[in-house]
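Predicted, not measured: the structure shown is a model, and the values here were computed from it. Note: hydrogens, waters and symmetry copies are ignored here, and every other heavy atom, side chains too, is used. Note on naming: letters A, B, ... go to the chains in the order of the sequence lines (proteins, then strands), and numbering restarts at 1 for each one.
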There are 2 protein chains.
Amino acid sequence: MEKQSKTTKGINKVCKHNIRAIHDTLDVIGGKWKISIISCLSFYPMRYSELLREVEGISGKMLSRELKELEMNQLITREVLSTQPITVQYQLTEYGETLKPLTLTIADWGLNHRKQIIG
Amino acid sequence: MEKQSKTTKGINKVCKHNIRAIHDTLDVIGGKWKISIISCLSFYPMRYSELLREVEGISGKMLSRELKELEMNQLITREVLSTQPITVQYQLTEYGETLKPLTLTIADWGLNHRKQIIG
DNA sequence: CCGTATCCTAAGGGATACTG
DNA sequence: CAGTATCCCTTAGGATACGG
């Protein structure tokens, strides 16, 4: 009877299962900027130029590229407002809102980490 | 009195604050494989070759590179066992364990996401 | 078994200039 | 204001071969 082997096999299955799930998530919100953009929009809808200001370090090219991908994945909506001049409003969809816990968890850990390495 | 302006300014501060925290986290566990490796090791300590098997798709070069970085950030420990032949055991440090909620949140979202796009 | 070294390609990403 | 296009450099990452 290989009790241990069976247990190990079971855990490995769970392990691979989790890794696949993690991979799925990263496909959607991986990359350097997406989580930051989502975190920003979780406060309130923003225009392109606002995001450019808030997400420090991002370039215009990357911002529009990432926004397009987030829109494709139905996490945000893009709305052209007929102001003068025209402005564009981005906001989280209901589905995008489901990422809030994730962004908060990530931000929390980073906050604590900074304390750890400083202190 | 610009009530709205003041409020907005306050929120923007929180926003940038969060983005900085997110950036800090991604500095440590960003990249394609680190979260997967941590997720794996959260089940039990593993050897190099086990990880190579569990983390599907990773190459040997990337695995050792990522492990080294995780070790540098004190998230995992590397222990050479004097077996025959020599094996190397990796495991989460106590600090590394603090990432568990994060990996779980990410895995959960990915699991649900797969259901969404299939269903 | 546990890596490192080398080589090479593809993707990431910044700067700048330009368009509607 | 909200992007697109171009150029160009840097990093990610795979394959293979080799060393301890």
Partners passing side-chain hydrogen bond (donor to acceptor under 3.5 Å, both in side chains) against B:E69 (at least two apart in sequence or in another chain): B:K34
Residue-phosphate contact under 4.0 Å: B:K68 side-chain N/O, C:dT4 OP1/OP2: yes
Under-4.0 Å side-chain N/O to phosphate OP1/OP2 contact, A:S64 with D:dT4: yes
For atom CG of A:L67 and atom C1' of D:dT4, their distance in whole Å: 14 Å
Nearest non-hydrogen partners of A:I22 and B:S39, listed with the distance: CD1-CB, 3.5 Å
Pull out every protein N or O sitting under 3.5 Å from an N or O of nucleotides 15-20 of chain D, one pair per line with the distance.
none

C:dG14 OP1/OP2 closer than 4.0 Å to side-chain N/O of A:K32: yes
Partner set under ring-ring contact (aromatic ring centres under 6.0 Å, His included) for B:H23, not counting sequence neighbours: none
A:K100/A:E97 salt bridge by N-O under 4.0 Å criterion: yes
Phosphate OP1/OP2 of C:dG3: any B:Y90 side-chain N/O under 4.0 Å: yes
Estimated bend of the helix from C:dC1-D:dG20 to C:dG20-D:dC1 (axis per five terminal pairs, rounded to 10 degrees): 50°
Phosphate OP1/OP2 of C:dG3 contacted by B:R78 side-chain N/O (<4.0 Å): yes
Heavy atoms of other groups near B:I11 CD1, more than 12 under 6.0 Å: yes
Residues that A:Y95 engages under ring-ring contact (aromatic ring centres under 6.0 Å, His included), provided they are two or more places apart: B:W109, B:H113
Residues in contact with DNA chain C, drawn from residues 33-53 of chain B - heavy-atom cutoff 4.0 Å: B:R47, B:Y48, B:S49
Integer-rounded Å distance: C:dG12 C1' and A:R65 CZ: 7 Å
